[in-house]
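To start, the structure under review is shown below, and the notes come after it.
We number each residue from 1, following the sequence as shown. Hydrogens, waters and symmetry mates are skipped; everything else that's a heavy atom, side chains included, is used.
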Amino acid sequence: MYSCLRNIITILSFALTLNSYASDIQFVDVTERAGIHFEHAGGINLRVVPALVGSGAAWCDYDNDGWLDLYIVNSALVRPDPDAILPKNALFRNNGDGTFRDVTEAAGVGDTGWGMGCAFADYDNDGDADLYVTNYKANIFYRNNGDGTFKRFSSGAGGIGHDGFGSGIAWGDYDRDGYLDLYVGNYIEYTKVPQGDEVFFPYDFFGQANLLYLNKGDGGFINITDAAKVNGGFHLTLGVAAADYDTDGDLDIYLANDTDQNILYRNDGELTFTNTNRPDARSRTGDIRSGMGIAWGDYDTDEDLDLFVTNWLDENNVLYRNRGDGTFSDVSAQSGVFESGLGKTCWGTALFDADNDGDLDIFFSAGHIDPASWEAHGQADVFLGNNGDGTFTDASEAVGLRKFGSYGVGRGVAVGDYDADGDLDLFIVNSGGKPMLLRNDGGNRQNWLQIRTVGTVSNRDGVGALVKVSAGNLHQIQQVAAGDSYLSQSSLDVEFGLAHHESVDRIVIQWSSGTVQTLVDVQANQRIVVVESAK
């Protein structure tokens, strides 16, 4: 009781005092004018679980022309007529002028399954991005041919075909051998469909086991889940995201589990992991809520990665502050984020510097899973501006998020600078409706730097590289990631807001190979490509 009262008092105090965030940015809905014509099929049958909880999207420059392209995952029809036009996933190629062209058919990536998550990564280090898509039933793996098209592997090809209820994905070089491995989350053992007025409750189902596939470096993978000690039981996993939270040079894995205990798996460096919910390894991140989306980022600029997790409507979203000793503190109340998700079912999320002032803001999508509530009661997405002192203010209205009319049923969220103007834009998948591309207007009024990593000894994408940027008294750290948020992937580039600084004093990159590379005196307001140097 005392703890609850203390939290309420803290929340009320911050609600009265947190008004320091001043917005210089506006998010503008440019979906239609950008040519993104897509509609998620989740609303076709609202009582089918894959339609309720899907889907995600990914930003990636799949054709290496310097512009971010967009892949969107769709749902499916329950019992389609023989002549029905089936919903399918879509690939939109960036034209470089603020518009996109649908190249799904030409590229060969228009899967018509019950889609969930997606993430790009150059698994074979040949210089182009390959694509993995999770589904209810068989997952799909597309190898990039390098000519704008993809080859769809059969379900068992390469050793990473899986027939389950796939959810979040995290590519990462977990054994640091220079090749990207793949962690695949799985959700429920979907053995029944609610009928009549039944509402979906995840605890009505058994969970499925997740999978870790080791890249052999010859085009194939092997399942090492049990040997690596990341089987962890059957946890109803939705969100998956990897990060080196303890800065020991290898990637750890966090799972957001629905109505079950979340898990942070610490990589022990010998192709084995430790569940940090164990009493002898406790990280204090194993809350039991309805975990959905995950974002890693250094919100307090103390040079380690903190953790934000979204949850169900009668549970608060959680911000975990990394204490730098292998443990985390729940700072949701004192940071001002506690009440931001109450009354909302929260999904995709991102920690990103929307206004380039040098600290990370928070965005998350929201939307019901109760079919009776969808038509009349969509839920508003939320933007939390970082005040620069460890606290956040709900600035959703100030940045224009309330101008879009009826609210969507938000699911996946992906962040990237699609128009290459120096500020980060948002893409939101709405289940059963049209998505939203929100262009960031004004974020580039302050200085910025974007960095693309290209590994030589490390994996080609540089996934897992920790990038530290110092400009005057501003010190920041970010990690290259392939798979995060909710069923989604943000740009592989790492983006740093520099506020008033017109140059960067020092960039230090700790590659997954162990190489440490330093650049000095780099001008602001540009995108640079850093190729890994030899040791």
Side-chain angles (χ1 to χ4, degrees), residues 27-42 54-76 85-113 115 117-122 126-133 140-152 348 404 408 411-430 433-441 450 452 461 482 487-493 527:
F27 287 105
V28 179
D29 184 355
V30 297
T31 315
E32 289 298 318
R33 76 183 78 167
I36 298 175
H37 305 302
F38 178 91
E39 186 153 359
H40 188 267
S55 301
W59 289 111
C60 183
D61 181 10
Y62 81 94
D63 56 357
N64 290 323
D65 66 351
W67 296 92
L68 286 177
D69 310 298
L70 179 65
Y71 190 76
I72 315 173
V73 179
N74 212 333
S75 195
I85 299 175
L86 300 179
K88 60 187 175 184
N89 302 346
L91 177 62
F92 290 91
R93 183 178 182 272
N94 194 326
N95 294 321
D97 59 0
T99 67
F100 293 80
R101 180 165 55 94
D102 188 335
V103 295
T104 309
E105 293 302 320
V109 290
D111 186 46
T112 57
C118 60
F120 287 90
D122 186 358
D126 66 349
D128 46 42
D130 311 292
L131 173 63
Y132 195 80
V133 180
I140 304 296
F141 183 38
Y142 295 102
R143 181 173 179 176
N144 194 326
N145 294 321
D147 59 0
T149 68
F150 290 78
K151 177 182 179 181
R152 176 173 172 170
F404 306 136
R411 293 295 184 261
V413 170
V415 176
D417 185 9
Y418 83 92
D419 51 0
D421 66 348
D423 50 34
L424 293 171
D425 312 293
L426 288 164
F427 186 80
I428 304 110
V429 178
N430 288 310
K434 295 181 179 180
M436 294 180 71
L437 175 60
L438 302 183
R439 188 184 68 209
N440 183 338
D441 285 356
Q450 297 177 358
R452 177 67 193 269
D461 288 328
L487 311 177
S488 297
Q489 178 184 23
S490 294
S491 168
L492 286 167
D493 294 352
R527 179 180 184 265

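- No donor-acceptor pair closer than 3.5 Å links the side chain of T112 to the backbone N or O of L86.
- Nearest approach of G416 to S491, heavy atoms of both residues: CA-CB, 4.1 Å.
- Within the structure, the side-chain hydrogen bond (donor to acceptor under 3.5 Å, both in side chains) test picks out the following pairs touching residues 96-108 (sequence neighbours left out): K88-E105, N95-T99, D97-T99, D102-T104.
- In terms of modelled atom types and a separation under 3.5 Å, the side chain of N430 and the main chain of H40 share no donor-acceptor contact.
- Side-chain contact between I72 and F427: present, with at least one pair of heavy atoms (C-beta onward) separated by less than 4.5 Å.
- Residues satisfying the ring-ring contact (aromatic ring centres under 6.0 Å, His included) test with F150, not counting sequence neighbours, are Y62.
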Intermediate values then yes/no, side-chain contact (heavy atoms from CB on, under 4.5 Å), L437 and L70: CA-CA 10 Å; L437 175 60; L70 179 65; 5.8 Å; no
Apply side-chain contact (heavy atoms from CB on, under 4.5 Å) to residues L426 and V415 and explain how you reach the verdict. CA-CA 5 Å; L426 288 164; V415 176; 3.6 Å; yes
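- Counting heavy atoms from C-beta outward, D29 and L438 have side chains that approach closer than 4.5 Å.
- By the salt bridge (charged side-chain N to carboxylate O under 4.0 Å, His left out) test, R33 pairs with no residue at all, sequence neighbours left out.
- Residues passing the salt bridge (charged side-chain N to carboxylate O under 4.0 Å, His left out) test with D419, sequence neighbours excluded: none.
- By the salt bridge (charged side-chain N to carboxylate O under 4.0 Å, His left out) test, D423 pairs with no residue at all, sequence neighbours left out.
- For F100, the ring-ring contact (aromatic ring centres under 6.0 Å, His included) test picks out Y418, with sequence neighbours left out.
- In this view, D128 and N64, D126, D130, N144 satisfy the side chain to side chain contact (heavy atoms under 4.5 Å, CB included) rule, not counting sequence neighbours.
- With sequence neighbours excluded, the residues satisfying side chain to side chain donor-acceptor pair (under 3.5 Å) with R93 are D63, D65.
- Under the rule for a side chain to side chain donor-acceptor pair (under 3.5 Å), S490 has no partner lying at least two apart in sequence or in another chain.
- For the residue pair A414 and W59, the shortest heavy atom distance occurs at O-NE1, 3.3 Å.
- Looking only at side-chain heavy atoms (C-beta outward), R143 and R152 stay at 4.5 Å or farther from each other.
- In this structure, D461 contributes its side chain and A121 its backbone to no donor-acceptor pair below 3.5 Å.
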Tell me, with the steps shown, if L131 and C118 meet side-chain contact (heavy atoms from CB on, under 4.5 Å). CA-CA 7 Å; L131 173 63; C118 60; 4.2 Å; yes
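- In this view, Y142 satisfies the ring-ring contact (aromatic ring centres under 6.0 Å, His included) rule with no residue, not counting sequence neighbours.
- In this view, D421 satisfies the side chain to side chain donor-acceptor pair (under 3.5 Å) rule with no residue, not counting sequence neighbours.
- Every residue two or more places apart in sequence or in another chain was checked for a salt bridge (charged side-chain N to carboxylate O under 4.0 Å, His left out) with E39, and none qualifies.
- Looking at F92 and D69, their side chains never come closer than 4.5 Å, going by heavy atoms from C-beta outward.
- No donor-acceptor distance shorter than 3.5 angstrom exists from the side chain of D111 to the backbone of N89, with no hydrogens or angles considered.
- Taking NZ of K434 as the reference point, atom CD1 of I428 lies at 15.5 Å (rounded to 0.5 Å).
- Shown here for W67 and A420, the closest heavy-atom pair between the two residues is CZ3-CB, 3.6 Å.
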Should D425 and D417 be marked as a side-chain contact (heavy atoms from CB on, under 4.5 Å) after you check the CA-CA gap, both sets of side-chain angles, and the distance that decides it? CA-CA 5 Å; D425 312 293; D417 185 9; 3.6 Å; yes
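- Nearest heavy-atom pair, P87 versus S75, reported as atom, atom and distance to 0.1 Å: CB-O, 3.6 Å.
- With rounding to the nearest 0.5 Å, the separation of CZ in F27 from CG in N440 is 4.5 Å.
- The minimum heavy-atom distance between C60 and A129, with the atom names listed, is SG-CB, 3.5 Å.
- The two residues A107 and L91 have their closest heavy-atom pair at CB-CD2, 3.7 Å.
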